[in-house]
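Numbers here simply count residues along the sequence, with the first being 1.
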Amino acid sequence: MMKDDVPGFGIQDSTKQHFAIPGTGIQALLPNGDSASPTSEEVTKLYKKRWVIVFLFSAYSLCSAFQWLQYGIISNIFIRYYDVSSLTIDWLSMAYMIAYIPLLFPVAWLLDIRGLRVIALIGSGLNCLGAWIKTGSARPDLYGVTLCGQLVCAVAQVFILGMPSRIASVWFSTSEVSTACSIGVFGNQLGVALGFLLPPVLIPNIEDKALLSHHISVMFFGTAAIASVLFILVIFVFQDSPPKPPSLAQAMLQNTPESDYSYKQSILRLLRNRNFILLVVSYGLNTGAFYSLSTLLNRMITEHYPGEEVNAGRIGLTITVAGMAGALITGLWLDRTKTYRQTTLGVYILSVIGMVIFTFILNLGKLWAVFITAGTLGFFMTGYLPLGFEFAAELTHPECEGTSSGLLNVSAQVFGLIFTMIQGQILESFGVIPGNLFLCSFLLVGAVITAFIKADLRRQRANQDAARNPLAADWARGVGYGSA
């Protein structure tokens with residue numbers, strides 16, 4: 001029988017005791033009468049290499065995110081260069097969203113079975129390969145080659161997006177997990193920021209296609225070189241897990257017998273978790289709106305401020321850098337307060353308000369006001385991203401963080417794809433304000449849904465129960481079921 005709600009242990013017979021892992025129905029068997037109960041310091045340990053791991057992940061996540069936006073922010077230039085429609089260029093961004101949807105479960109299963117290192121190698125390797133394919137597309141008649149390279153990069157990001165919360169749980173203590181997750185997301189956001197900033201600087205809006213090909217080649221070869229260095233670093237540096245786990249909750253998971261674990265049952269438990277499903281929908285609405293805003297930002301800005309491609313990139317940079325600050329601040333706040341529901345709801349409501357203000361500031365003709373409101377919007381809207389990952393890890397413990405964050409991301413990709421296509425058509429037919437009000441309405445729906453999520457913090461309870469319960473500490477060390 002499933003024990004989703006109440007963690008604990010009980011006497012099953014006179015010689016054996018069982019410790020139940022909350023939410024799994026798995027019972028860890030413990031011998032009765034162990035005399036010595038270890039402290040958490042004997043069971044767990046923190047390693048300095050954890051910071052190397054999370055920052056290396058953050059670096060190749062940055063490279064992946066940069067390649068997502070390197071076309072969209074100067075879409076008017078690539079439309080003329082490849083002589084294609086605006087929707088055709090938008091597909092280079094939407095390819096990232098489409099690739100994620102069918103590949104989520106296979107990649108989450110692989111992460112569950114093979115661990116972090118295999119996923120890191122595949123993700124960084126494919127990102128490198130896609131970057132090199134695109135170096136051969138700097139010619140006006142080679143749109144197909146650039147699409148091929150972008151599709152490879154899109155597959156790579158499936159192996160990247162779901163990892164921050166898993167790295168945080170496997171390598172960091174309970175007092176650091178939210179900060180570590182924020183650093184992991186930070187790299188992706190920094191890549192988005194650079195994707196906004198660098199392409200308009202590297203590729204000027206000029207008529208000479210031969211010279212334009214040279215500028216595009218510089219961007220593509222530079223990206224490929226950086227992706228190659230990061231792939232080599234992953235090969236030699238990235239480690240699957242530390243010798244000792246960072247927390248008692250993680251120790252218990254690592255000592256769970258493989259025969260007791262079912263990936264199918266894990267998915268079913270997630271789908272039956274009401275609070276998690278509400279979070280999946282609300283996260284998808286917020287992040288999908290951000291994806292649409294990022295993809296179409298160039299068209300929004302240049303409609304009101306013609307010839308301001310560089311400033312469009314700078315506005316995107318402002319949104320993302322402010323979001324990075326928001327992500328780090330909210331991560332530190334969560335590690336200190338553990339107020340997941342209250343913080344998530346507050347940030348969501350402020351995202352709605354920021355989007356409304358940004359919508360009506362755009363057409364005032366004052367770029368400085370657009371920069372200020374864009375920064376405010378970014379602080380909350382993109383600062384929300386790591387909040388969603390960490391809240392999901394709390395609501396779904398002890399399920400694999402790669403699976404829970406993967407479901408969040410697939411929701412974001414689905415809504416991002418839908419929002420981008422619909423908002424793009426609204427921009428073409430009715431203008432910028434109706435398109436942005438379309439996003440505002442769905443952000444409001446997401447805020448209402450978030451208000452109905454209950455703060456069922458299972459990971460916190462597991463750590464508290466393990467710290468209080470000597471039987472759990474014994475089991476985490478490997479005494480009892482499955483130990484040598």
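Judged by distance alone, the side chain of T88 and the main-chain N or O of V84 form no donor-acceptor pair under 3.5 Å. A donor-acceptor contact shorter than 3.5 Å is absent between the side chain of R166 and the backbone of L116. Using modelled atom types, one side-chain atom of R117 and one backbone atom of I235 make a donor-acceptor pair closer than 3.5 Å. S58 contributes a side-chain N or O that, together with a main-chain N or O of I183, makes up a donor-acceptor pair within less than 3.5 Å. Checked by atom type and distance alone, the side chain of R114 never pairs as donor or acceptor with a backbone atom of L111 at under 3.5 Å. Between the Q150 side chain and the A95 main chain, no donor and acceptor come within less than 3.5 Å of each other. With K209 contributing its side chain and Y81 its backbone, the two residues share a donor-acceptor pair below 3.5 Å. Between the side chain of N311 and the backbone N or O of R314, no donor-acceptor pair lies under 3.5 Å. Checking side-chain atoms of K134 against main-chain N and O of L147 turns up no donor-acceptor pair under 3.5 Å.
Looking only at side-chain heavy atoms (C-beta outward), N436 and M355 come within less than 4.5 Å of each other. With a 4.5 Å cut-off on side-chain heavy atoms, L443 and L285 do not count as touching. Contact of the Q70 side chain with the L92 side chain is not registered, since no non-hydrogen atoms from C-beta on lie closer than 4.5 Å. Contact annotation: the side chain of F196 approaches that of L297 to within less than 4.5 Å [non-hydrogen atoms, C-beta and beyond]. A heavy-atom distance below 4.5 Å is found between the side chains of M219 and I203. Counting only heavy atoms from C-beta outward, the side chains of V370 and F358 approach each other to under 4.5 Å. Using a 4.5 Å heavy-atom threshold, the side chains of I79 and S85 count as separate. You'll find the side chain of L230 stays beyond 4.5 Å of the side chain of V234, heavy atoms only.
Between Y283 and Y384, the gap from one ring centroid to the other is short of 6.0 Å. Aromatic ring centroids of F231 and W132 lie 6.0 Å or more apart. Two rings, from W333 and Y340, have their centers 6.0 Å or more apart.
For A369, the side-chain contact (heavy atoms from CB on, under 4.5 Å) partners at least two apart in sequence or on another chain are I361, K366. Residues satisfying the ring-ring contact (aromatic ring centres under 6.0 Å, His included) test with Y60, not counting sequence neighbours, are F57.
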| side-chain contact (heavy atoms from CB on, under 4.5 Å) between Y291 and Q413: does it pass, once the steps are laid out? | CA-CA 8 Å; Y291 288 167; Q413 310 301 330; 3.6 Å; yes

| said: Set out, in order, the CA-CA distance, both residues' side-chain angles and the distance that settles side-chain contact (heavy atoms from CB on, under 4.5 Å) for V192 and F66, then state yes or no. | reply: CA-CA 5 Å; V192 171; F66 173 79; over 6 Å; no

| Given the rule in the ring pair (Phe, Tyr, Trp, His ring centres under 6.0 Å) test, do F172 and W51 qualify, once you have shown the distances and angles that lead to the verdict? | CA-CA 9 Å; F172 289 83; W51 299 108; 5.0 Å; yes

| Step by step, would you call F419 with F438 a ring pair (Phe, Tyr, Trp, His ring centres under 6.0 Å)? | CA-CA 9 Å; F419 288 168; F438 165 78; 5.6 Å; yes

| Check against side-chain contact (heavy atoms from CB on, under 4.5 Å), I319 and F290 | CA-CA 10 Å; I319 292 173; F290 170 67; 4.2 Å; yes

| Pair L407-L104, side-chain contact (heavy atoms from CB on, under 4.5 Å): steps then yes or no | CA-CA 7 Å; L407 285 169; L104 162 66; 3.8 Å; yes

| message | I'd like to know whether W91 forms a ring pair (Phe, Tyr, Trp, His ring centres under 6.0 Å) with Y143, so could you lay out the CA-CA distance, the side-chain angles of the two residues, the decisive distance to 0.1 Å, and finally the verdict. | response | CA-CA 12 Å; W91 276 112; Y143 172 82; over 10 Å; no

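Remark: the Q157 side chain and the N188 side chain contain no N/O donor-acceptor pair separated by less than 3.5 Å. In the model, S292 has no side-chain atom that pairs as donor or acceptor with a side-chain atom of T295 under 3.5 Å. Remark: the S93 side chain and the W68 side chain contain an N/O donor-acceptor pair separated by less than 3.5 Å.
Distance check, rounded to the nearest 0.5 Å: CD1 of I122 to CG of L110 gives 5.0 Å. Here the straight-line distance linking atom OG1 of T376 with atom CG of L350 works out to 10.0 Å at 0.5 Å rounding. Note that CD1 of I73 is 8.5 Å distant from CD1 of I315, once rounded to the nearest 0.5 Å. We find the CD1-CG distance between I74 and L198 to be 10.5 Å, quoted to the nearest 0.5 Å. For the atom pair CD (Q425) and CG (L87), the distance works out to 7.0 Å, reported to the nearest 0.5 Å. Expressed to the nearest 0.5 Å, how far CD1 of I357 lies from CG of L362 amounts to 12.5 Å.
Contact between S213 and R139 at its shortest, heavy atoms only, is OG-CA, 4.4 Å. For the pair S282 and I449, the tightest heavy-atom approach, listed with the atom from each and the gap, is CB-CG2, 4.1 Å. Annotation for N127 and S64: closest pair OD1-CA, 3.4 Å, computed over non-hydrogen atoms. Heavy atoms only, all atoms of each residue included: A99 and P102 are closest at O-CD, 3.4 Å. Across every non-hydrogen atom of C153 and A131, the tightest pair is SG-N, 3.8 Å. Of all heavy-atom pairs between V347 and L387, the closest is CG2-CD1, 3.7 Å.
Within the structure, salt bridge (Lys or Arg N to Asp or Glu O under 4.0 Å) pairs that include any residue of residues 76-96 comprise R80-E207, D90-R299 (at least two apart or interchain).
Looking at I433, I426, L427, V432 one by one, the single match for side-chain contact (heavy atoms from CB on, under 4.5 Å) with F430 turns out to be I426.
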